[in-house]
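Worksheet for the structure shown next.
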Amino acid sequence: MKKELPACPVETTLLLIGDKWKVLILRDLIEGTKRFGELRKSIGSISQKMLTQQLRDMEEDGLVERKVYAEVPPRVEYSLTEDGISLKPILDSMLAWGEQYKEKIKP
């Protein structure tokens, strides 16, 4: 069952990735597949519960794919779907803008 999306495309994008954690998860997964612990360590200040919730939301939205390996202990890996990868130009623009802004306000 698909959720009802806003009429405005910008609002739709913000709905899917507007959370600061989701953008950081995307940033890390753009580089390639990662395990839960790698994501948590890379992001830093996110709690385990919050990371789990954000990954579930992104999986439900079709941005992230979760692969569970039948091992003991179980190994779980996360990667971006095609839709998740398609957000790379947005992240690249955010990176460029952030670099320019930081350079502009540098004392």
Side-chain angles (χ1 to χ4, degrees):
M1 183 172 92
K2 295 215 178 212
K3 63 171 101 175
E4 192 170 321
L5 297 174
C8 173
V10 173
E11 191 176 347
T12 298
T13 305
L14 284 173
L15 178 70
L16 296 174
I17 66 165
D19 183 284
K20 98 174 185 184
W21 301 122
K22 290 179 181 176
V23 172
L24 296 178
I25 291 167
L26 286 169
R27 174 202 66 189
D28 289 350
L29 291 179
I30 285 283
E31 298 171 6
T33 301
K34 295 216 180 333
R35 294 177 70 177
F36 185 89
E38 292 174 305
L39 283 170
R40 185 155 181 227
K41 186 176 182 180
S42 175
I43 294 170
S45 59
I46 191 170
S47 70
Q48 183 171 334
K49 180 181 177 183
M50 180 58 75
L51 180 56
T52 299
Q53 184 58 54
Q54 297 297 297
L55 286 166
R56 283 184 184 151
D57 288 350
M58 293 173 78
E59 187 178 5
E60 185 180 307
D61 291 335
L63 302 177
V64 169
E65 186 173 68
R66 179 178 185 259
K67 186 170 183 182
V68 181
Y69 294 88
E71 300 173 354
V72 176
R75 178 169 50 116
V76 180
E77 293 181 339
Y78 295 90
S79 57
L80 294 180
T81 63
E82 233 176 88
D83 286 336
I85 292 167
S86 73
L87 291 163
K88 187 176 184 330
I90 294 171
L91 295 177
D92 290 344
S93 293
M94 291 172 73
L95 171 72
W97 188 90
E99 287 173 341
Q100 289 172 352
Y101 183 79
K102 284 172 70 172
E103 192 62 37
K104 182 177 133 182
I105 65 164
K106 194 184 266 185

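As the structure is a prediction and not an experimental result, all values here were calculated from the model.
Between Glu65 and Lys67, none of the side-chain N atoms (NZ, or NE/NH1/NH2) sits under 4.0 Å from a carboxylate O, so this pair counts as no salt bridge. For the pair Lys41 and Glu38, the salt-bridge criterion is not met [side-chain N within less than 4.0 Å of a carboxylate O].
Cluster annotation: Leu91 is connected to Ile46 through the hydrophobic network of ILVMFWY side chains, with a link wherever side-chain heavy atoms come within less than 4.5 Å. Residue Leu24 is grouped with residue Ile30 when hydrophobic side chains (ILVMFWY) are merged at heavy-atom distances under 4.5 angstrom, including chains of intermediate members. Val68 is connected to Leu80 through a chain of hydrophobic side-chain contacts under 4.5 Å among Ile, Leu, Val, Met, Phe, Trp and Tyr, so both are in one cluster. One hydrophobic cluster, built from ILVMFWY side chains closer than 4.5 Å, holds both Trp97 and Ile105. Hydrophobic clustering keeps Leu95 apart from Ile17 (ILVMFWY residues linked when any side-chain heavy atoms are closer than 4.5 Å, directly or through intermediates).
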Do any side-chain atoms of residues 82-90 form donor-acceptor pairs under 3.5 angstrom with protein atoms, and if so which ones, sequence neighbours left out?
from  : atom 1 : to    : atom 2 : distance (Å)
Ser86 : OG     : Asp83 : O      : 2.6
Lys88 : NZ     : Asp92 : OD1    : 3.2
Lys88 : NZ     : Asp92 : OD2    : 3.1

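No donor-acceptor pair closer than 3.5 Å links the side chain of Asp61 to the backbone N or O of Leu63. Under the 3.5 Å distance criterion, the side-chain polar atoms of Thr33 are left unmatched by any main-chain donor or acceptor of Leu29.
Separation of atoms OG1 (Thr13) and CG (Leu5) is listed at 10.0 Å; rounding is to 0.5 Å. Arg40 CZ to Ser45 OG: the interatomic distance, rounded to the nearest 0.5 Å, is 10.0 Å.
Residues Asp28 and Ser42 come closest through the heavy atom pair OD2-OG, 2.7 Å. Smallest separation of non-hydrogen atoms from Leu39 and Lys34: CG-CB, 4.0 Å. Closest of all the heavy-atom pairs between Pro6 and Leu15 is CD-CD2, 4.0 Å.
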Problem - Stepwise side-chain contact (heavy atoms from CB on, under 4.5 Å) test for Leu51 and Ile25 - result: CA-CA 9 Å; Leu51 180 56; Ile25 291 167; 3.6 Å; yes

Practice task
Output, in order, the C-alpha distance, side-chain angles, deciding distance and verdict of side-chain contact (heavy atoms from CB on, under 4.5 Å) for Lys22 and Leu16.
Solution key: CA-CA 8 Å; Lys22 290 179 181 176; Leu16 296 174; over 6 Å; no

Practice task
Carefully, step by step, assess Val64 and Tyr78 under the rule side-chain contact (heavy atoms from CB on, under 4.5 Å).
Solution key: CA-CA 7 Å; Val64 169; Tyr78 295 90; 3.8 Å; yes

Exercise for the section: Take Glu103 and Lys106 through the salt bridge (Lys or Arg N to Asp or Glu O under 4.0 Å) test and state the conclusion after the steps. Expected result: CA-CA 5 Å; Glu103 192 62 37; Lys106 194 184 266 185; 3.5 Å; yes

Practice task
List the steps, then state whether side-chain contact (heavy atoms from CB on, under 4.5 Å) holds for Met58 with Leu26.
Solution key: CA-CA 10 Å; Met58 293 173 78; Leu26 286 169; 3.7 Å; yes

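At a threshold of 4.5 Å between non-hydrogen side-chain atoms, the residues Glu99 and Lys102 do not count as touching.
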